Amino acid sequence: MFSLIYGFWKYLFRKDEFYVLILGLDNAGKTTFLEQTKIKFNRNYKGVNLDKITTTVGLNIGKIDYKNIVINFWDLGGQQELQSLWDKYYSESHGIIYVIDSADLERIEDSKSSFENVIQNEQLEGLPLLIVANKQDLPEALSLERIKSIFQSSEELIGKRDFNYLSASALKSEGIQDGIDWMTDRIKENITLRPPQNADE
């Protein structure tokens, strides 16, 4: 009897579940962005030492319960040899966060090239896109306006989707709240394009 009641309770209170990709070149700050998101939105999560975060080889995952939905994050390794694995996750995704190292001037064009490969994939068509100009706390970082001008020629490839640029310093947790608020709202508005999954099913 208890299991029947518990099952009914879970059915009544289950929440729609979504998946968001965190992409970008290695060392762009993707994992730091994810860790700060988990710290900010998960009350009991203590986090890891941000100074000890190393290059992701494979996948980091995170989950938050926010605005009455559950969002899972997939932070994928950004090395050139790992980018070929990104598309394995596209079909189940509901949004994209693309992180740029604003202070890595030598690789900004490489980041733009990888970005264009991502947004042209048909499996991601129409999904909300947040472009994060990270490491804005560093003196050598390109400004958000400069990042926008560099990526402007890529905007015709973005297609009909919600997209936004965000100035951020993941290390200092600056921009995290605004970015997650924006993505959460867009995912909920985009529900007819790619329906959610249900948690605990």
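If you read the sequence from its start, that first residue is 1, and numbering goes on from there. Since we're looking at a predicted model, the values are computed, not measured.
Clustering of Ile, Leu, Val, Met, Phe, Trp and Tyr side chains at separations under 4.5 Å leaves L25 isolated, with no partner residue.
Ring geometry for Y19 against H94 counts as parallel: the plane angle stays under 30°, on a 0 to 90° scale with 60° as the upper cut.
With hydrogens and angles ignored, the 3.5 Å screen pairs a side-chain donor or acceptor of N42 with a backbone N or O of K63. Of the possible polar contacts, one joining the W86 side chain to the G77 backbone as a donor-acceptor pair under 3.5 Å is found. For T184 (side chain) and I180 (main-chain N/O), a donor-acceptor pair under 3.5 Å exists by modelled atom type.
In this structure, the side chains of L76 and L85 stay at 4.5 Å or more apart for every pair of heavy atoms. Within the 4.5 Å cutoff, the side chain of V118 has no heavy atoms near those of the L21 side chain. Proximity of I108 to I100: side-chain heavy atoms (C-beta onward) are separated by under 4.5 Å at one or more points. For the pair F18/I69, a side-chain contact is recorded, criterion being any heavy-atom separation below 4.5 Å from C-beta on. Side-chain contact between F73 and I71 is present, with heavy atoms from C-beta onward closer than 4.5 Å. For the pair I22/W74, no side-chain contact is recorded, criterion being any heavy-atom separation below 4.5 Å from C-beta on.
Sorted by first then second residue, the salt bridge (Lys or Arg N to Asp or Glu O under 4.0 Å) pairs that include residues 143-155, not counting sequence neighbours, are E145-K148. For residues 77-98, no pair satisfies salt bridge (Lys or Arg N to Asp or Glu O under 4.0 Å), with sequence neighbours left out. Screening residues 23-45 for ring pair (Phe, Tyr, Trp, His ring centres under 6.0 Å), with sequence neighbours left out, gives F41-Y66.
Remark: S167 pairs with no residue by the side-chain hydrogen bond (donor to acceptor under 3.5 Å, both in side chains) rule, at least two apart or across chains. Remark: D178 pairs with L166 by the side-chain contact (heavy atoms from CB on, under 4.5 Å) rule, at least two apart or across chains. Residues satisfying the salt bridge (Lys or Arg N to Asp or Glu O under 4.0 Å) test with D185, not counting sequence neighbours, are K67. Scored by the side-chain hydrogen bond (donor to acceptor under 3.5 Å, both in side chains) test, K188 finds no partners at all (sequence neighbours excluded). R161 is linked by a side-chain hydrogen bond (donor to acceptor under 3.5 Å, both in side chains) to nothing, counting only residues two or more places apart in sequence or in another chain. Annotation: side-chain hydrogen bond (donor to acceptor under 3.5 Å, both in side chains) contacts of S153 (sequence neighbours excluded): K112.
Residues A168 and G175 come closest through the heavy atom pair CB-CA, 4.4 Å. Here the closest non-hydrogen pair linking L34 and G62 is CD1-CA, 4.1 Å. R194 approaches S93 most closely through the heavy-atom pair NH1-O, 2.7 Å. Nearest heavy-atom pair, Y98 versus F115, reported as atom, atom and distance to 0.1 Å: OH-N, 3.4 Å. Counting all heavy atoms, side chain and backbone alike, Q36 lies closest to L171 at NE2-O, 3.0 Å.
Between the CD1 atom of I97 and the CG atom of N164 there is a distance of 11.5 Å, given to the nearest 0.5 Å. Separating the CD atom in Q83 from the OG atom in S113 is a distance of 8.0 Å, to the nearest 0.5 Å.
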Could you pull out every donor-acceptor pair under 3.5 Å between side chains of residues 128-137 and any protein atom, sequence neighbours left out?
residue: N134; atom: OD1; partner: A170; partner atom: N; Å: 2.9
residue: N134; atom: ND2; partner: A28; partner atom: O; Å: 2.8
residue: K135; atom: NZ; partner: N27; partner atom: O; Å: 2.7
residue: K135; atom: NZ; partner: D101; partner atom: OD2; Å: 3.0
residue: Q136; atom: NE2; partner: S102; partner atom: OG; Å: 3.0
residue: Q136; atom: NE2; partner: L142; partner atom: O; Å: 2.8
residue: D137; atom: OD1; partner: S169; partner atom: OG; Å: 2.8

Would you tabulate the side-chain donor-acceptor contacts of residues 119-127 under 3.5 Å, counting partners in other chains and residues two or more places apart, or write 'none'?
residue: Q120; atom: NE2; partner: E116; partner atom: O; Å: 3.1
residue: N121; atom: OD1; partner: Q123; partner atom: N; Å: 2.9

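With L23 as the partner, the side chain to side chain contact (heavy atoms under 4.5 Å, CB included) test is satisfied by one option alone out of N117, D75, I96: I96.
Other residues, nucleotides and ligands place no more than 12 heavy atoms under 6.0 Å from the CD1 atom of I61.
Hydrophobic clustering (side-chain heavy atoms under 4.5 Å, transitive across Ile, Leu, Val, Met, Phe, Trp, Tyr) keeps M183 apart from L193.
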